[in-house]
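Note sheet for the following structure.
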Amino acid sequence: MAGARESLLDAAGAALARRPWSAVRMVEVAAAAGVSRQTLYNEFGGKDGLARALVRRAADGYLAGVERALAGGGGDWERLTAVAEWTAAAAQQDALVRALLTGCWSERLPAPPRAPAPVPAQRRPEPPLPSPPDLVRIVRDRAVAALSGPGTAPAATVGLARSCELVVRLALSCVTAPPGESGIAGLIRIAAPRTAL
C-alpha cells in the first residue's frame, strides 16, 4: 500500500495547492490518486488523518533536506549556511513547511493537528508533529551532531549548539522577512562569527 499512500498524499497536496483544505474532497483525492475512496479511508481513517499525514510528510521532507545540507561538502559554516538557505527555500516553496516552521497556519491549510488522531486498526499511530520550537531544537541537534567530531569537548559542544541555534533562528527570520542583497549567507557572516565554531 506504500504506493497508494504516496499517490494519495501527492493528490491531496495537489488539491491543496489549488484550493483551501476545507474545499478538498476525499472522493476527488481518491479519484486523482486512482484508488477507491475506501482505500483512502483504510489508509488514513478520514480527512483529519490525511491532513496529519500530509503535514508529517512536509516535516519529514524538510528534515531530510536539512540532513542533505549537513552532509554536503565544505566546512562547518558552509554547511550551516546551506541549512539556513534550505530552510528559507523550503518555506518559500511549501506553505505547510512555512506553517510548521513559523506556527502561522492560514485558513487555506489544514488545521495544525495537536493531539494524535485516531488511526485505522491496521496502522500504527504516528508520533506527534513537531512544533516550531521542536523543529529549531531538532535542526540544532542534528547540526551539532554533524559538525562535532568524536572527542569534542563538552564546552565546545555548548558553543557549537549556540552557533547552530543562532543560524537556525536567523534562517527562520528570513522566512518571515526575506534578506536583502547580501542574502542569508551575508547575514550569517555578520551575525555569527566563525570563531564560535
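Hydrogens, waters and symmetry mates play no part in the numbers below; they use all other heavy atoms, side chains included.
Leu96 is listed as a side-chain neighbour of Pro110, based on a closest heavy-atom distance under 4.5 Å. Looking at heavy atoms from C-beta onward, Ser7 lies out of side-chain contact with Val35 at the 4.5 angstrom threshold. Residues Val55 and Arg52 form no side-chain contact, since every pair of their non-hydrogen atoms from C-beta on lies 4.5 Å or further apart. When side chains are defined from C-beta on, Leu63 counts as touching Leu135, because their heavy atoms get closer than 4.5 Å.
Each side-chain hydrogen bond (donor to acceptor under 3.5 Å, both in side chains) pair with one or both residues in residues 82-103, not counting sequence neighbours, appears once here: Tyr62-Thr87. Sorted by first then second residue, the side-chain hydrogen bond (donor to acceptor under 3.5 Å, both in side chains) pairs that include residues 13-37, not counting sequence neighbours, are Arg19-Glu28, Ser36-Thr39.
The two atoms that bring Leu16 and Arg108 nearest to each other are CD1-O, 3.2 Å, heavy atoms only. The shortest non-hydrogen separation linking Leu40 to Ala30 is CD1-N, 3.9 Å. For Leu100 against Pro130, the heavy-atom pair with the smallest separation is CD2-O, 4.0 Å. The two atoms that bring Gly103 and Pro132 nearest to each other are N-CG, 3.5 Å, heavy atoms only. When all heavy atoms of Arg5 and Ala53 are compared, the pair lying nearest together is NH2-CB, 3.7 Å. What you find for Ala88 and Ile184 is that their closest heavy atoms are CB-CD1, 3.4 Å.
Contacts of Glu165 classified as side chain to side chain donor-acceptor pair (under 3.5 Å), with partners at least two apart in sequence or in another chain: Arg140, Arg169. Judged as a side chain to side chain donor-acceptor pair (under 3.5 Å), and not counting sequence neighbours, Asp141 has no contacts. Judged as a side chain to side chain donor-acceptor pair (under 3.5 Å), and not counting sequence neighbours, the contacts of Gln38 are Asn42.
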Would you be so kind as to tabulate the donor-acceptor pairs closer than 3.5 Å made by side chains of residues 176-183, with sequence neighbours excluded?
{"unit_1": "Thr176", "atom_1": "OG1", "unit_2": "Ser173", "atom_2": "O", "d": "3.2"}

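Once rounded to the nearest 0.5 Å, the distance linking CZ of Arg79 with CZ of Arg68 reads 15.5 Å. With values rounded to the nearest 0.5 angstrom, Leu170 atom CG is found 5.5 Å from Leu187 atom CG. The line from NZ of Lys47 to CG of Leu54 is 11.5 Å long, rounded to the nearest 0.5 Å. In this structure, the separation between CG on Leu80 and CG on Leu160 is 7.5 Å, given to the nearest 0.5 Å.
When atom types are taken as modelled, the side chain of Asp134 and the backbone of Ser131 share a donor-acceptor pair closer than 3.5 angstrom.
When the side chains of ILVMFWY residues are joined at heavy-atom separations under 4.5 Å, either directly or via intervening members, Val175 and Val83 end up in two distinct hydrophobic clusters.
Under the 4.0 Å criterion applied to side-chain N and carboxylate O atoms, Arg57 and Asp60 are not assigned as salt-bridge partners.
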